[in-house]
Amino acid sequence: QVQLVESGGGLAQAGGSLTLSCAASGGAFRNYATGWFRRAPGQEREIVGGISAHGGSTEYAESVKGRFAISRDNAKNTMYLQMNALKPEDTAVYYCAARFTPYSHRTYFTNADYTYWGQGTQVTVSS
């Protein structure tokens, strides 16, 4: 099974940028579809976006479309979340997640779709 560790969180100003990384170990990363989720204080965990196992397909929540971009480097066993034009409402703990889906070009978009989760990294956006 795969283990996931997020990094890159921190404090940013509104309008700024941050890049999160999700490093995977313990499995063939190319066989896992992955995604980013976030949980704001007092709210449910919600999808940010997903990427297929080979990286050819991505899907985003409406709230981040056009501002955030997900990519992955299977040779480095790492997924990324590039966050631009940050807003205070992007403040949350960000989690990466993975699902074993060899030979698939699908993305997955709900909490229940994913089996493996990281511990999360805090992103705080000040106004």
Side-chain angles (χ1 to χ4, degrees):
Q1 65 184 43
V2 67
Q3 292 83 44
L4 305 171
V5 178
E6 302 94 339
S7 63
L11 178 65
Q13 291 192 330
S17 299
L18 278 176
T19 301
L20 305 184
S21 298
C22 174
S25 61
F29 189 58
R30 66 183 180 279
N31 289 333
Y32 291 80
T34 52
W36 286 98
F37 290 75
R38 66 186 182 186
R39 189 198 306 267
Q43 298 188 21
E44 299 286 324
R45 186 166 59 191
E46 65 176 9
I47 184 73
V48 173
I51 187 167
S52 59
H54 290 278
S57 300
T58 54
E59 188 176 10
Y60 297 95
E62 285 297 324
S63 59
V64 305
K65 200 172 289 185
R67 299 188 298 122
F68 290 11
I70 299 174
S71 62
R72 61 190 291 162
D73 185 337
N74 285 347
K76 295 183 178 180
N77 295 337
T78 304
M79 175 180 63
Y80 304 97
L81 178 64
Q82 175 66 45
M83 303 186 292
N84 299 320
L86 283 163
K87 304 175 181 180
E89 50 264 43
D90 294 319
T91 294
V93 178
Y94 283 72
Y95 301 89
C96 62
R99 172 193 171 108
F100 183 67
T101 54
Y103 314 118
S104 173
H105 296 281
R106 278 197 59 184
T107 57
Y108 295 86
F109 222 60
T110 71
N111 285 277
D113 286 331
Y114 290 92
T115 309
Y116 306 103
W117 294 84
Q119 294 299 306
T121 185
Q122 176 71 46
V123 171
T124 303
V125 183
S126 63
S127 57

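We use all heavy atoms of the structure for the numbers below, so side chains are in, but hydrogens, waters and symmetry mates are not.
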Mind listing the closest non-hydrogen atom pair of [X] and [Y] along with its distance?
X	Y	value
Asn84	Ser17	OD1-OG, 2.9 Å
Ala98	Val2	CB-CG1, 4.1 Å
Tyr60	Ala69	OH-CA, 3.4 Å
Ala24	Phe29	CB-CD1, 3.4 Å
Leu20	Val123	CD2-CG2, 4.0 Å
Ser104	Ser52	O-CB, 4.4 Å

Tell me if the [atom1] atom of [X] is crowded by more than 12 foreign heavy atoms within 6.0 Å.
X	atom1	result
Arg39	CZ	yes
Gln119	CD	no
Gln82	CD	yes

Side chain proximity check, [X] to [Y], heavy atoms < 4.5 angstrom:
X	Y	value
Leu11	Gln122	no
Lys87	Val125	no
Arg67	Asp90	yes

Is it true that Trp117 and Phe37 have ring centroids separated by less than 6.0 Å? yes
Using a 3.5 Å distance criterion without hydrogens, assess whether the side chain of [X] forms a donor-acceptor pair with backbone atoms of [Y].
X	Y	value
Asn77	Gly27	no
Gln3	Gln1	yes
Arg45	Tyr95	no
Glu6	Thr121	no

Check for me, please, whether Met79 and Tyr32 land in the same ILVMFWY cluster - side-chain distances under 4.5 Å, paths through other members count. no
May I ask whether Leu18 and Leu81 are part of the same hydrophobic cluster, defined by side-chain heavy atoms of I, L, V, M, F, W, Y residues being less than 4.5 angstrom apart, directly or through others? yes
Checking Arg106 against Thr101: is there a side-chain donor and acceptor pair closer than 3.5 Å? no
For the residue pair Arg99 / Tyr114, report whether a side-chain donor-acceptor contact shorter than 3.5 Å exists. no
Check each of Leu4, Ile51, Thr78, Thr107 against Thr34 using the side chain to side chain contact (heavy atoms under 4.5 Å, CB included) test, and report the only one that passes. Ile51
[atom2] on [Y] to [atom1] on [X], rounded to 0.5 Å:
X	Y	atom1	atom2	value
Lys65	Thr58	NZ	OG1	9.5 Å
Met83	Trp36	CE	CH2	8.0 Å
Ile47	Tyr108	CD1	OH	12.5 Å

With side chain to side chain contact (heavy atoms under 4.5 Å, CB included) as the criterion, how do Val64 and Arg38 come out once you've worked through the C-alpha distance, each side chain's angles and the decisive distance to 0.1 Å? CA-CA 11 Å; Val64 305; Arg38 66 186 182 186; 4.0 Å; yes
